[in-house]
Number of protein chains: 2
Amino acid sequence: MLAFCGQDKCSIDSSGRIKLSQRTMADFAEQPEGHVVLRCLPEGALAVYPENIYLRMRQGEPDPAEKAASSLLFRRTLRQFGALSQPDEISAQGRITLPLAYREHAGIKAGTEVVVVGVEIGLEIWSSERWAEELKRVNEHMLEKGEREMAADLVNRPNN
Amino acid sequence: MLAFCGQDKCSIDSSGRIKLSQRTMADFAEQPEGHVVLRCLPEGALAVYPENIYLRMRQGEPDPAEKAASSLLFRRTLRQFGALSQPDEISAQGRITLPLAYREHAGIKAGTEVVVVGVEIGLEIWSSERWAEELKRVNEHMLEKGEREMAADLVNRPNN
DNA sequence: TTGCATTTTGGTAAAAAATGGGTAATTATG
DNA sequence: CATAATTACCCATTTTTTACCAAAATGCAA
C-alpha cells in the first residue's frame, strides 16, 4: 500500500552505513533475508531496488558471451550494469552498507547527511546538495512543460 | 543470482598476483570447471572469463580452417583471440597470477592498485587510472542520453 | 649431471576494515 | 512536561586484506 514514497533525512555513520526508517524497512520486509540490489545512477545518486525489480530491468540478452566477444559497445553495456550494480543486504537492525566506490559515485562522504527518497519501485539515496539540485531541475522542467502546454493551447485549439 | 557484479579495489603483489574477494570467488565456484580464461581487451584491460563462457564466445565460427585460408581479416581475428587469450587458474586461496605480458597490456605495474570489475559474464581487471577514465566515459554517455530524453519530452509531447 | 641462482608458489602473522550491538542524545507524542 | 520511540555515535569482536617469509620449482652454466 503506497510503498516506497516520501523523503527521509538520515546520516551515514563512519563505516558508510545508513539506518532506514521504519516505513522503508516495512516496504522491503518481503525481501528474503533482506536481499536488495544497489545501483549507481548516472545522475549521481544510488538506487536500492528489490531483487525482482532489478531482474526485470535487466532481463535478457539472448547470447551475451558471443556479443561480448565481438562488440566493444556491448562490453560497455555489460560493464555499465555489472560494475554499477551489486547485491546488498539490509541487516536485522535495518541498516544498509554502501560500498566506498558507490558512495564516491554519489558524492556521499562518511558522517554527512543524506536524503532517502521513495521512487515507487524502490529507493534512491542522494547527498543533500545533489538532491536539492535535482528537485529544482525537476520542477523547472515541469514548469517549462506547462508553459509550452499553454502556448500550444493558444495555437492549436483557439475555439475551445 | 546476480553473479559477477560490483567493483573491488585490490593490490597486485610483487609477483603479479591478485587476491579476489570472497564474493568473486563464490561466483567462480559456481562455474562447472575451475579453469578460467584470461584475455587482453582492446580497451586496455584484462578480462577473466569462466571457461564455458569463453568457449561460447568462440563457437560462432562454423569452419575456421576454410575461412583462414581465404581471408586475411579472419586470420587477424584468430590471431587476436589466440595470442591475447590464455588459460589461467584461481588458486586454492583465491589468488590469480597475471602474466607479465598481460599486465603490460593493461598498464598494471607490480605493487600498484587495480580495480576488479564485474561484467555479468565474468570479470575485468583495470588499472585504477584507466578504470576512472572508462567510468567517466560511460557516465557521460548516459548523462548525454538523459539530456536528450528531457529535451524530447518538452518538444514532442506537450499534452502529456 | 650437479650445483647455484632466480622465480614461483603457498602459508602465516600483523594490520586494516567490516560487522554487530549497546548507549546516550534527540525527536516525536500524549 | 513526561514518556516513548527513534536516531546516531561509539566500542568490541570478527573477518578480510596485505605484506612478508619459507619452501619448492625452474632454468642455467660449469
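By convention in this document, chain letters (A, B, ...) are assigned in the order of the sequence lines, proteins followed by strands, and residues within each chain are numbered from 1. Scope of the values below: all heavy atoms of this structure, side chains included, with no hydrogens, waters or symmetry mates.
- Sequence neighbours left out, not one pair with a member in residues 102-118 of chain B passes side chain to side chain donor-acceptor pair (under 3.5 Å).
- Taking the side chain to side chain contact (heavy atoms under 4.5 Å, CB included) definition, one finds that B:N52 meets it with B:Q31, B:P32, B:E33, B:P50, B:R56, sequence neighbours left out.
- Under the 3.5 Å distance criterion, with hydrogens and angles disregarded, no donor-acceptor pair is assigned to the side chains of B:W131 and B:E124.
- The salt bridge (charged side-chain N to carboxylate O under 4.0 Å, His left out) analysis of residues 34-44 of chain A, with sequence neighbours excluded, yields no pairs.
- Pairs passing the ring pair (Phe, Tyr, Trp, His ring centres under 6.0 Å) check and including a residue from residues 25-50 of chain A, sequence neighbours excluded, read A:F4-A:F28.
- Dashed line: the shortest gap from a side-chain N or O of A:Q93 to OP1 or OP2 of C:dG20 is not under 4.0 Å.
- If you take CD on A:E149 and CG on A:L154, they are separated by 12.0 Å, rounding to the nearest 0.5 Å.
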Quick tally for nucleotides 6-18 of chain D: nucleotides whose base has a protein heavy atom under 4.0 Å get B, sugar-phosphate-only ones S, the rest -, giving S-SBB-----SSS

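- Distance CD1 (A:I18) to P (C:dA18): 16 Å, rounded to an integer number of Å.
- With sequence neighbours excluded, the residues satisfying side chain to side chain contact (heavy atoms under 4.5 Å, CB included) with A:S71 are A:L73, A:F74.
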Anything under 3.5 Å between a donor and an acceptor, one on a side chain of residues 10-17 of chain B, the other on a protein residue two or more places apart or in another chain? List them.
unit_1	atom_1	unit_2	atom_2	d
B:D13	OD1	B:S15	N	3.0
B:D13	OD1	B:S15	OG	3.4
B:D13	OD1	B:G16	N	3.1
B:D13	OD1	B:R17	N	2.9
B:D13	OD2	B:R17	NE	2.8
B:D13	OD2	B:R17	NH2	3.0

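- By the salt bridge (Lys or Arg N to Asp or Glu O under 4.0 Å) test, B:R23 is found to be paired with B:D8, residues two or more places apart in sequence or in another chain being considered.
- When the C1' atoms of four end pairs are superposed on the next four at each end of the helix from C:dT1-D:dA30 to C:dG30-D:dC1, using five pairs per end, the two resulting axes differ in direction by 20°, to 10°.
- Distance B:L100 CG to C:dT8 C1': 14 Å, rounded to the nearest Å.
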Per-nucleotide protein contact along nucleotides 24-30 of chain C, 5' to 3', at a 4.0 Å heavy-atom cut-off (B base, S sugar-phosphate only, - neither), is -------

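- In this structure, the CD1 atom of A:I96 is 12 Å from the P atom of C:dT19, given to the nearest Å.
- In this structure A:Q80 satisfies the side-chain hydrogen bond (donor to acceptor under 3.5 Å, both in side chains) test with no other residue, sequence neighbours excluded.
- In this structure, the CD1 atom of B:I90 is 16 Å from the C1' atom of C:dT9, given to the nearest Å.
- Residue pairs that meet the salt bridge (charged side-chain N to carboxylate O under 4.0 Å, His left out) test with at least one member in residues 126-137 of chain B, sequence neighbours left out, are A:R76-B:E134, A:R79-B:E134.
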